[in-house]
Amino acid sequence: MRTAAHWNKVASTGNDIVALAATDKERTSRYRFYSRILSAEEQTLYAQQEARTRLAFDHYVWLLWSIKESVYKYSSRIDREPVFSPLKIPVRRLDPPSDDEFYKGIALYGPDTLYSRSIIRNGVIVTVVSSDKDFIDTRWGFTPIGSSSYADQSAAVRSLALNELYAIFPGTNLRIEKTGSGFPVLLGGETLLDIPLSLAHHDRFVAYSFRLPSNNCAYKKSAAN
Amino acid sequence: MDRRVILDELKKVLSPYTENKELLANIDDNTNLVKDLKINSANLVDIIIDAEAKYSIEIDFDSAEKIITVGNCIDAIGEKIK
């Protein structure tokens, strides 16, 4: 199995999805709830940016949650004993969509700066984070599914991610497994591939992200194993 | 309060967020809320707030971030209702 230092070298990926219909708007808007997710600075950030972002407060809370969860998932591949503490993953900046549909953010995890892109569409918030602010090698997507059972979510998100990977690596034999630490890994035959993958599901939605090596041609051979 | 009593009450708190009730019936200190019980991480704050309401306690942020397993949950609750 790859070491944390190895994953640190090949970079990582992290994503999250929140189905807004499965959240409680009234509860989310209570201080007792949102103060466990948003720091005082992030609460101020909302007040300062409400006019720019045009986000309802509960959507803002879940948007920042999804950024923080994505950062945690990104980091869990590198830091084998991470603790998900939303208040310790500060979101320092959040820009509303301009010439695209992405909310763009900057978050911190310890000494690391990560960039986020989020979409709010059709009742879901979907986020991906990367150490690359341009997300050049990151692929991500989401889809609604017909069931909210864990088994169906798990099968659907794997199928969605593999379909996207097969479009890039046609004719290969890919599969997804989970490590003992809980994060998914991609295998080509019996070979563990250096393509970090993140999966997310909530209610009737699933989402994936993965990060291709900078020169992904070199990986077509190993993926074919 | 006895840990077993807290565990039995905790099962009721976790129930709305757990799909597999058979798994829930057999949880112990080592059960991981997300990995084993398949609770969606988006519900972790709900669980803390529900536990606070059930026992009329306040679980501080430092204790909350350590809640990964059922045992951690029982520790956090037990500490406050001593």
Side-chain angles (χ1 to χ4, degrees), chain A residues 14-24 26-28 30-40 61-66 68-70 72-73 76 81-89 124-125 127 147-154 178-183 200-206, chain B residues 10-27 29-77 79-81:
Chain A
N15 78 328
D16 190 43
I17 189 163
V18 175
L20 291 166
T23 65
D24 184 331
E26 193 272 327
R27 175 176 256 200
T28 303
R30 283 189 221 155
Y31 178 77
R32 200 175 180 86
F33 187 94
Y34 70 72
S35 63
R36 290 188 176 275
I37 299 171
L38 306 184
S39 65
V61 173
W62 286 112
L63 173 57
L64 262 63
W65 169 277
S66 74
K68 291 165 184 247
E69 171 84 15
S70 299
Y72 166 73
K73 289 164 80 171
S76 67
E81 292 186 357
V83 173
F84 183 40
S85 180
L87 295 173
K88 291 183 180 169
I89 303 175
V124 283
I125 297 172
T127 294
S147 157
S148 60
S149 82
Y150 181 84
D152 290 340
Q153 290 171 333
S154 184
K178 270 204 172 176
T179 65
S181 302
F183 60 80
H201 48 75
H202 192 207
D203 199 34
R204 292 172 185 261
F205 290 90
V206 297
Chain B
L10 185 60
K11 287 178 183 175
K12 295 175 193 164
V13 171
L14 298 176
S15 183
Y17 310 107
T18 310
E19 183 182 299
N20 189 331
K21 305 301 182 198
E22 193 180 327
L23 213 57
L24 180 63
N26 295 305
I27 59 174
D29 273 10
N30 298 319
T31 306
N32 185 298
L33 298 177
V34 174
K35 288 180 192 166
D36 300 327
L37 273 185
K38 312 297 184 196
I39 290 174
N40 195 290
S41 61
N43 291 127
L44 293 178
V45 178
D46 290 303
I47 289 166
I48 290 165
I49 287 178
D50 289 350
E52 288 180 329
K54 187 164 196 69
Y55 291 100
S56 300
I57 57 173
E58 190 161 330
I59 298 171
D60 58 60
F61 295 155
D62 285 343
S63 299
E65 75 176 29
K66 292 174 188 145
I67 294 178
I68 296 166
T69 64
V70 167
N72 301 148
C73 256
I74 294 173
D75 290 342
I77 294 166
E79 186 67 29
K80 295 293 175 184
I81 59 175

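Numbers restart at 1 for each chain; the letters A, B, ... are given by sequence-line order, proteins then strands.
Contacts between B:Ile67 and chain A at a heavy-atom distance below 4.5 Å are absent for every atom of the residue. Looking at A:Arg27, only its side chain comes within 4.5 Å of chain B, counting heavy atoms on both sides. Contacts of A:Lys178 with chain B are absent, with no heavy-atom separation under 4.5 Å from either backbone or side chain.
Between chain B and the options A:Tyr72, A:Trp65, A:Phe84, heavy-atom pairs under 4.5 Å are most frequent for A:Trp65. When each of B:Ile68, B:Ile48, B:Asp46, B:Asp62 is scored by its heavy-atom pairs under 4.5 Å with chain A, the top score falls to B:Asp46. When each of B:Val34, B:Asn32, B:Asn40, B:Asn20 is checked for heavy-atom pairs under 4.5 Å with chain A, B:Asn40 comes out on top. With chain B as the partner, the residue from A:Thr28, A:Asp203, A:Leu87, A:Ile37 showing the most heavy-atom pairs under 4.5 Å is A:Leu87.
Between B:Lys35 and A:Gly182, the shortest heavy-atom distance links the atoms CE-CA, 4.1 Å.
In this structure, B:Glu52 pairs ionically with A:Arg36, as a charged nitrogen and a carboxylate oxygen lie closer than 4.0 Å.
Here the straight-line distance linking atom OG of B:Ser41 with atom NZ of A:Lys68 works out to 13.5 Å at 0.5 Å rounding.
Defined by atom type and a distance below 3.5 Å, a donor-acceptor pair is missing between the side-chain atoms of A:Ser149 and B:Glu19.
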